[in-house]
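Let me begin by presenting the structure, written as structure tokens, before commenting on it.
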Amino acid sequence: MDLTFCEPQRTPSSRSNAWYETGVVGLGRMGRIVVDRVVEGGHDVVAFDVDETAVADASDAGATPADSLSELVEQLGAQKRIWLMVPAGDAVDAALTELEPHLDSEDIVIDGGNSHFEASLRRERETDAAYLDCGTSGGPAGAEHGFSLMIGGPEWAYETCSPVFDAVATGPDGHGRMGPAGSGHYVKMVHNGVEYALMQAYGEGFDLLANGRYDLDLEQVARTWNNGAVIRSWLLELCEEAFREEGSNLGTVADYVAGGSTGTWTVEEALTQEVPVPLIYAALAERFGSRSDRFSRRLANRLRYGFGRHEVARTE
Ligand SMILES: NC(=O)C1=CN([C@@H]2O[C@H](COP(=O)(O)OP(=O)(O)OC[C@H]3O[C@@H](n4cnc5c(N)ncnc54)[C@H](O)[C@@H]3O)[C@@H](O)[C@H]2O)C=CC1
Ligand SMILES: O=C(CO)[C@H](O)[C@H](O)COP(=O)(O)O
């Protein structure tokens, strides 16, 4: 396995450990939490989103509003630190393209979204600023306790931004520099693969309990497991919450799971590295399989008739 990413050769002409202002771009579910926690941490924030209402709300929460990216840059002054929390993909490139004429090697851009690590490597090469790829975990629930931040990029930039990472994360232990450019988003990609597999494992266990020999209260099972059991976890607490709010049979919750991009990247990378990840792949396949009638199951149904004259189950 050869995963030798090059450390960026650029270094700023002068370093500063002082924290100035943080620009936050993208004020949705996650970006707004970044704003709130940075403000609560005693730092100044300049906030921009293409959605004017989101900017006004962030302003009410103590951020300085910006009507455009160029206004955000003007308000930040020298040594800009800009945290992108926009959807992965085109929105990141669009923001960077607009920011780029205003950036130099003293500036730092943090991408806190779920970007593919190879896109982050490209962006790190293309920008004049120091680029930190920051995998973010904790979801909107992180508003209260903070996120877990997995960060890749130059060490000086990571150290410079540490006060703000302390504020956005659960604390100093809630963030870490994983390594050079790309490594933050690489670790987050694998994190999401693990997330898929854990969700699948809990799902299968509760499926058997829901359809097994006993009439069980699954909220009670989850609560009991969450108190001291080997398999206790935050995802299991979310299972407990789901059964409490939806009932043991999950009520009207559909047999359909959206998402899938980060799990797909994990499986693709595992194939490239020839590392077996059968659980993560199975979880991803189950997710894809939830989106339509399973052709493979329908064919198996018909093939049993072919070889054994077993009755074919039909929809009508
Ligand atoms: N929601 C979650 O649980 C988690 C999300 N993430 C990642 O964080 C990133 C943001 O996710 P969310 O906050 O959930 O998305 P969201 O959809 O709630 O918010 C995205 C915000 O970005 C704004 N936006 C889009 N393009 C923009 C642009 N060019 N300039 C300025 N603003 C722009 C939108 O108006 C919106 O307010 C994504 O990459 C996501 O994958 C990471 C971990 C957990
Ligand atoms: O990163 C996350 C959690 O850790 C996000 O919630 C992400 O959207 C989850 O991935 P998917 O949408 O594929 O389920």
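Indexing begins at 1, ligand by ligand and atom by atom, following the structure's order. Below, all heavy atoms of this structure are taken into account, side chains as well, without hydrogens, waters or symmetry copies.
For ligand 1, the atoms closer than 4.0 angstrom to any heavy atom of Pro140 are 3 (O). Taking every heavy atom of Gly113 and a limit of under 4.0 angstrom, the matching atoms of ligand 1 come to 7 (C), 8 (O), 9 (C), 39 (O). Counting atoms of ligand 1 from 1 in the listed order, those under 4.0 Å from a heavy atom of Met85 are 8 (O), 10 (C). Close approach to Gly139 involves these atoms of ligand 1, each under 4.0 Å from a residue heavy atom: 3 (O). Of all atoms in ligand 1, numbered sequentially from 1 with element shown, those under 4.0 Å from a heavy atom of Thr136 are 42 (C), 43 (C). Atoms of ligand 1 found under 4.0 Å from any heavy atom of Ala88 (numbered from 1 in listed order, with element): 39 (O).
Aromatic rings from Phe117 and His185 are positioned such that their centres are separated by 6.0 Å or more. Two rings, from Tyr158 and His175, have their centers less than 6.0 Å apart. Taking the six-membered ring for Trp, Tyr202 and Trp225 have ring centres at least 6.0 Å apart.
The protein heavy atom nearest to atom 17 (O) of ligand 1 is Arg29 NH2, 3.9 Å. Closest to atom 29 (N) of ligand 1, if we only count protein heavy atoms, is Ala91 O, 4.0 Å. Counting protein heavy atoms only, atom 19 (O) of ligand 1 is closest to Gly28 CA, 3.2 Å. Of all protein heavy atoms, the one closest to atom 11 (O) of ligand 1 is Met30 CG, 3.9 Å. Nearest to atom 6 (N) of ligand 1 among the protein's heavy atoms is Asn114 ND2, 3.7 Å.
With sequence neighbours excluded, the residues that form a side-chain contact (heavy atoms from CB on, under 4.5 Å) with Glu126 are Arg122.
When side chains are defined from C-beta on, Phe147 does not count as touching Ser137, because their heavy atoms never get closer than 4.5 Å.
Heavy-atom contacts from other residues, nucleotides or ligands closer than 6.0 Å to CG of Asp215 number 12 or fewer.
Residue Pro87 holds the heavy atom nearest to atom 25 (C) of ligand 1 of all those in Gly26, Pro87, Ala54. Closest to atom 24 (N) of ligand 1 by heavy atom, among Leu96, Val24, Val50, Val34, is Val50. Selection from Val92, Asp49, Val86 by nearest heavy atom to atom 23 (C) of ligand 1 gives Asp49.
Both Leu103 and Val92 are members of a single hydrophobic cluster when ILVMFWY side chains are connected at heavy-atom separations under 4.5 Å. Placement of Val194 and Leu238 within a single hydrophobic cluster is found when ILVMFWY residues are connected by side-chain heavy-atom separations under 4.5 Å, directly or transitively.
Note on Arg81 versus Asp107: no salt bridge recorded, every NZ/NE/NH1/NH2 to OD/OE distance being 4.0 Å or above.
Under a cutoff of 6.0 Å and an axis angle of 45°, Arg309 and Tyr305 form a cation-pi pair.
The aromatic rings of His116 and Trp265 sit perpendicular, their planes meeting at an angle over 60°, well past the 30° parallel limit.
Side-chain atoms of Ser248 come within 3.5 Å of backbone N or O of Leu218 as a donor-acceptor pair. Counting only distance, with no hydrogens or angles, the side chain of Asn301 and the backbone of Ala313 share a donor-acceptor pair below 3.5 Å.
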What are the polar N/O contacts of ligand 2 with the protein below 3.5 Å, with distances?
{"unit_1": "ligand 2", "atom_1": "1 (O)", "unit_2": "Asn114", "atom_2": "ND2", "d": "2.8"}
{"unit_1": "ligand 2", "atom_1": "1 (O)", "unit_2": "Lys188", "atom_2": "NZ", "d": "2.6"}
{"unit_1": "ligand 2", "atom_1": "1 (O)", "unit_2": "Asn192", "atom_2": "ND2", "d": "3.1"}
{"unit_1": "ligand 2", "atom_1": "4 (O)", "unit_2": "Lys188", "atom_2": "NZ", "d": "3.3"}
{"unit_1": "ligand 2", "atom_1": "4 (O)", "unit_2": "Asn192", "atom_2": "OD1", "d": "3.4"}
{"unit_1": "ligand 2", "atom_1": "4 (O)", "unit_2": "Glu195", "atom_2": "OE1", "d": "2.7"}
{"unit_1": "ligand 2", "atom_1": "13 (O)", "unit_2": "Tyr196", "atom_2": "OH", "d": "2.4"}
{"unit_1": "ligand 2", "atom_1": "13 (O)", "unit_2": "Gly260", "atom_2": "N", "d": "2.8"}
{"unit_1": "ligand 2", "atom_1": "13 (O)", "unit_2": "Arg287", "atom_2": "NH1", "d": "3.4"}
{"unit_1": "ligand 2", "atom_1": "14 (O)", "unit_2": "Arg287", "atom_2": "NH1", "d": "2.7"}

